[in-house]
Amino acid sequence: MSTEPVTAIRTCPLCEATCGLEIEIQDGRVGKIRGDAQDVFSKGFICPKGTSLRELHHDPDRLRTPLIRNAAGGFDEATWDEAFAEIARRFSAIEAEHGRDAFATYLGNPAAHSLSAIVYGRPFLKALRSRNVFSTSTVDQFPKQLASGLMFGTATSVPVPDLDRTQYLLILGADPAVSNGSLMTAPDARGRLRAISERGGKVVVVDPRRSRTARDADEHVFIRPGSDPLLLLAIVQTLFADGLADPGEHVLPHLSGLDDVRELAAPYTPEAVAAATRIDAATIRRIAHELAGAGPAAVYGRIGTTTAEFGTLTSWLVDVVNVLIGSFDQPGGAMFNTPAGGSGNTSGEPGAGRGVITGRYASRVRGRPEVFGELPAACMAEEIETPGEGRIRGLFTIAGNPVLSTPNGDRLADALDTLDLMVSVDIYRNETTRHAHVILPAPSPLQRGHFDLALYSFAVRNIANYSPPALPLDDGMPDEWETLLRLTAIAAGLGPDADLQALDDYVIGEAVRAEVGRAGSPVRGRDADDLLGLLAVRRGPERILDLKLRTGPFGDAFGAREGLTLAQLESQPHGVDLGPLVPRLPEVLRTPTGKVELAPPAIVADLARLEPALERWGSDEDHDSLLLIGRRALRSNNSWMHNLPKLVSGPEGCTLLVNPDDAERLGVVDGEHAVLSSAAGEIRLTARHSDDMMPGVVSVPHGWGHDLPGAQLGVAAEHAGANVNLLGDAGLLEDLSGNAVLNGIPVSLAPAREPAAVS
Ligand SMILES: Nc1nc2c(c(=O)[nH]1)N[C@H]1C(S)=C(S)[C@@H](COP(=O)(O)OP(=O)(O)OC[C@H]3O[C@@H](n4cnc5c(=O)[nH]c(N)nc54)[C@H](O)[C@@H]3O)O[C@H]1N2
Ligand SMILES: Nc1nc2c(c(=O)[nH]1)N[C@H]1C(S)=C(S)[C@@H](COP(=O)(O)OP(=O)(O)OC[C@H]3O[C@@H](n4cnc5c(=O)[nH]c(N)nc54)[C@H](O)[C@@H]3O)O[C@H]1N2
Ligand code: SF4
Ligand SMILES: [Mo]
């Protein structure tokens, strides 16, 4: 007998926009998915990926049972007990012979959106006690977080443009009309950007490609890939030279290094950088004047600026300009969020702190410094391949697909096959997880509770929204946090049959005891057992979330004041709007000096590396070169939503975009296959002529190349595309953050003579 359809309200976990969804459910089947018009933040906005959660939930290729690799190289379905026993057996053997640094972890992008992974990833890493911690952060945003950390004191102190109140926005290397915003949580980013122009403001986009955001904007400026730091230096130089640099009364008392910045930028006049950036001096000067004179203004840089040769330098300069133009930390400028779930800049004593220290240890083979407790993802292959003490023998991947998402994925794939243990917690058997000894499936996103603990820290309003699971777990399927806790038990030496409830009680006990002991905590000095009693109705990530909310900046401090609790969020399924961003200087700072460090020595030293680049990029040879950049598409999500027919139907997703003049010169025909090669490798794919491309620049999206044997992705294999990261160079890391350089790679292009191997 059929049951009544119900409507579940929940936040979409797929990207940073945190849209509210309305999901029809009947008899355990997911029906229509619409935007939740009552969501306090997204107000009904939804994108094609959000609606495809239905297809994702019912995808027959999505894993429902653990898999264990067999002697023939295939996989056998296994029970959960068998899977954990196999992991424990291999784990003990490695530990006995090689010790702790023989283990490694790689956390992928969906882990940043998963309450389970955010909350239980940490105890797992702690129990593993290995230095080999890798994640997508080093193929993504570490440069921004490092620059923010050095300037403001913590990795999450990333200023976000106050989109809804700004009058002028300069965007570098981001396409929020497609990506829906990143380190700028803003559902319907496209609508919010258009609103700036509609209220008489201006949006300027700097990008080597006329992106969707650029087409919507008031002005688009082409730039030579990678040269953004020069443009920004010239803007800084102009602001000082023309008497426009004025941080304002609100910021000045908390500022250190203003004179240093003036001096450092002095040589970089607009004329000096014009040839290297390909932007004429008058345009640079005009943009500098507009930024200073347009009312509240902000600069925003993203993936095109962080996955670049000078990512940290560029990320720093973005906020130097933000400070100099006078609207920093003010409505309409670049501002700090106040996250309801708390972060490094809401806990502890306000106004000063330990700041950021990097390089406490280094990677074994290349000696790359640790940043925020992680080593560069692009070092993984060499750490597995190279013999000696500390060689990685056991790897855990959690929600990641590094074979497609990191440079030289082919080399990494070969290395993975030499491991003594590889465990993947994932929802698919894909290009990476096919190498695992054991794959542990995570439930569908609709079967889990959700609160975007990480991404709300970068939202353009202060928002709190919790969603309970829309559907129950399948019979016998543990929640992802239980799987992670089981792995924690194995890593802690408690074995695969440990009492998870006891371990979970230990985790929350530690968290509460730390909180009551923390200086500045609203529950400092309270009795830990009392608080644990108040939390006792919950378990798992929800219990930790309740603790974080209640001790966070809007929390009820366990009854000591009016404020948020998880119970309150549960009663408000469309979310709680905690208001627009508010000025937070100087309380937000956690630098040792208690100042905004406008000229952090580590970053300033990196300017020495930029000087030769200025000359190199201005040369005739550079003007004749061909450079590769990436892009994103609305119907794609990094490497992993290509198995959903609705998203991959229609025009081919993985194509090369080339300016028609370049194409003609190179004999590359529109719609035909071309060969794109770099020092690292070559790929074949369909070329598309496009006036949107700057001459001398080609664009290929990442996350494709689904033609590898052993994966179980029936639909994606029919739309395989080519893996652009075969052209990247794992040896090429940004100096300060260890982030891989994925944009601005020198390439050559030719027509393909034979039919393409991949289509
Ligand atoms: N050339 C180039 N390379 C890039 C980029 C680029 O711009 N250009 N961008 C980089 C960026 S920004 C990022 S974030 C990375 C992404 O890099 P990765 O995170 O390594 O790759 P994803 O494609 O996001 O893969 C996510 C994996 O998580 C699985 N998954 C999905 N949902 C869940 C879940 O709920 N639980 C679990 N356990 N698993 C789940 C998917 O099946 C998939 O295997 O790629 C980077 N690589
Ligand atoms: N639809 C969709 N949305 C996504 C994702 C997805 O895969 N698909 N991925 C999510 C993830 S993990 C992330 S990190 C975010 C990223 O969010 P965004 O940073 O907005 O990512 P992109 O859309 O790749 O935009 C990057 C832009 O930088 C430009 N660019 C490349 N090199 C340079 C350069 O040297 N200088 C300048 N000025 N511009 C350059 C590219 O042409 C491109 O337009 O998107 C998230 N949202
Ligand atoms: S924009 Fe992002 S959060 Fe919103 S529906 Fe699309 S994928 Fe989900
Ligand atoms: Mo990302």
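In each ligand, atom 1 is the first atom listed, and ligand 1 is the first ligand listed.
- Given atom 1 (S) of ligand 3, the protein heavy atom at minimum distance is Asn180 ND2, 3.3 Å.
- The protein heavy-atom contact nearest to atom 38 (N) of ligand 1 is Glu480 OE2, 2.6 Å.
- Ile87 has its side chain out of reach of Arg486: every pair of non-hydrogen atoms, C-beta onward, lies at least 4.5 Å apart.
- Atoms of ligand 3 found under 4.0 Å from any heavy atom of Leu14, numbered from 1 in the order shown, are 7 (S).
- Phe142 has its ring centre less than 6.0 Å from the ring centre of Phe372.
- A donor-acceptor pair under 3.5 Å is absent between the side-chain atoms of Thr136 and the main chain of Val139, judged by distance alone.
- Under 3.5 Å, the side chains of Glu383 and Asn132 contain no donor-acceptor pair of N or O atoms.
- The shortest contact between atom 23 (O) of ligand 1 and any protein heavy atom is with Ser639 OG, 2.5 Å.
- Put simply, the side chain of Glu22 never gets that close to the backbone of Ala37: no donor and acceptor are under 3.5 Å apart.
- Near Tyr106, meaning under 4.0 Å from one of its heavy atoms, ligand 1 places the atoms 17 (O), 18 (P), 20 (O).
- Under a 4.0 angstrom heavy-atom cut-off, Gly703 registers as lying outside contact with ligand 1.
- At a 4.0 Å heavy-atom cut-off, ligand 1 touches Val425 through backbone and side chain alike.
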Given the rule in the side-chain contact (heavy atoms from CB on, under 4.5 Å) test, do Arg411 and Glu382 qualify, once you have shown the distances and angles that lead to the verdict? CA-CA 9 Å; Arg411 177 176 163 193; Glu382 70 205 27; 3.5 Å; yes
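- The closest side-chain heavy-atom distance from Leu657 to Thr655 is below 4.5 Å.
- For atom 26 (C) of ligand 1, the choice among Ala740, Cys15, Pro110, Pro443 with the nearest heavy atom turns out to be Pro110.
- Of the protein's non-hydrogen atoms, the one nearest atom 6 (C) of ligand 1 is His702 ND1, 3.3 Å.
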For a side-chain contact (heavy atoms from CB on, under 4.5 Å) check, start with the C-alpha distance between His702 and Asn723, then their side-chain angles and the critical distance, and finish with the verdict. CA-CA 6 Å; His702 72 285; Asn723 177 7; over 6 Å; no
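- If you check the side chains of Thr433 and Asp426, you find no donor sitting under 3.5 Å from an acceptor.
- Counting heavy atoms under 4.0 Å from ligand 1, residue Asp426 touches it through both backbone and side chain.
- A donor-acceptor contact shorter than 3.5 Å is absent between the side chain of His450 and the backbone of Pro13.
- Listed by number with element, the atoms of ligand 3 under 4.0 Å from a non-hydrogen atom of Thr18 are 3 (S).
- At least one heavy atom of Ala399 sits less than 4.0 Å from an atom of ligand 1.
- The proximity of Ile398 to ligand 1, defined as any non-hydrogen pair under 4.0 Å, does not occur for either the backbone or the side chain.
- Residue Asn725 touches ligand 1 through its side chain alone, judged by heavy-atom distances below 4.0 Å.
- Below 4.0 Å from some heavy atom of Asp140 lie the following atoms of ligand 1, by number and element: 12 (S), 14 (S).
- Distance check for Cys12 against atom 6 (Fe) of ligand 3: none of its N/O/S atoms falls below 2.8 Å.
- The nearest non-hydrogen atom to atom 11 (C) of ligand 1, considering only Gln141, His113, Arg632, comes from Arg632.
- Heavy-atom contacts of Pro402 reach the following atoms of ligand 1: 20 (O) (cutoff under 4.0 Å).
- Contacts between Ala442 and ligand 1 below 4.0 angstrom, taking non-hydrogen atoms only, involve the side chain exclusively.
- Within the 4.5 Å cutoff, the side chain of Thr406 has no heavy atoms near those of the Phe134 side chain.
- Shortest contact from atom 19 (O) of ligand 1 to any protein heavy atom: Asn109 N, 2.7 Å.
- Taking every non-hydrogen atom of Gly108 and a distance limit under 4.0 Å, the qualifying atoms of ligand 1 come out as 19 (O).
- Below 3.5 Å of separation, one finds an N or O of Asn430 facing an N or O of ligand 1.
- Short contacts between ligand 1 and Asn401, defined as distances under 4.0 Å to a heavy atom of the residue, involve ligand atoms 18 (P), 20 (O), 21 (O), 25 (O), 44 (O).
- Of the possible polar contacts, one joining the Asn337 side chain to the Tyr456 backbone as a donor-acceptor pair under 3.5 Å is found.
- Less than 6.0 angstrom separates the ring centroid of His706 from the ring centroid of His642.
- When each atom of ligand 3 is checked for a heavy atom of Cys15 under 4.0 Å away, the hits are 1 (S), 2 (Fe), 3 (S), 7 (S).
- Protein heavy atom at the shortest distance from atom 35 (O) of ligand 1 is Arg448 NH2, 2.6 Å.
- Summary of contacts: the protein heavy atom closest to atom 5 (S) of ligand 3 is Cys47 N, 3.5 Å.
- When each of Leu446, Asn643, Ile427 is tested with Leu56 by the rule side chain to side chain contact (heavy atoms under 4.5 Å, CB included), just one qualifies, namely Ile427.
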Val658 vs Met693, test: side-chain contact (heavy atoms from CB on, under 4.5 Å). Steps then yes/no. CA-CA 6 Å; Val658 56; Met693 291 311 301; 5.7 Å; no
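- Under 4.0 Å is where a charged nitrogen must lie from a carboxylate oxygen, and between Arg64 and Asp59 no such pair does.
- Counted by atom type alone, Glu480 and Tyr120 present zero donor-acceptor pairs between their side chains at under 3.5 Å.
- Which of Leu628, Ile427, Asn638 comes nearest to atom 32 (N) of ligand 1 through a heavy atom is settled by distance: it is Ile427.
- Heavy-atom proximity to Val724, at under 4.0 Å, picks out these atoms of ligand 1: 1 (N).
- Neither the backbone nor the side chain of Asn637 comes within 4.0 Å of ligand 3, counting heavy atoms alone.
- Here Thr136 has side-chain heavy atoms under 4.0 Å from ligand 1, and that is the only part of it that gets that close.
- At the top of the distance list for atom 10 (C) of ligand 1, counting protein heavy atoms only, stands Val139 O, 3.2 Å.
- Contact annotation for Ile303 and ligand 1: only side-chain heavy atoms (C-beta onward) come within less than 4.0 Å of the ligand.
- Shortest contact from atom 46 (C) of ligand 1 to any protein heavy atom: Ser405 O, 3.5 Å.
- Residue Cys19: an N/O/S atom is found under 2.8 Å from atom 4 (Fe) of ligand 3.
- The closest side-chain donor-acceptor pair between His435 and Asp417 falls under 3.5 angstrom.
- Under a 3.5 Å cut-off, the side chain of Arg631 and the backbone N or O of Ser699 do form a donor-acceptor pair.
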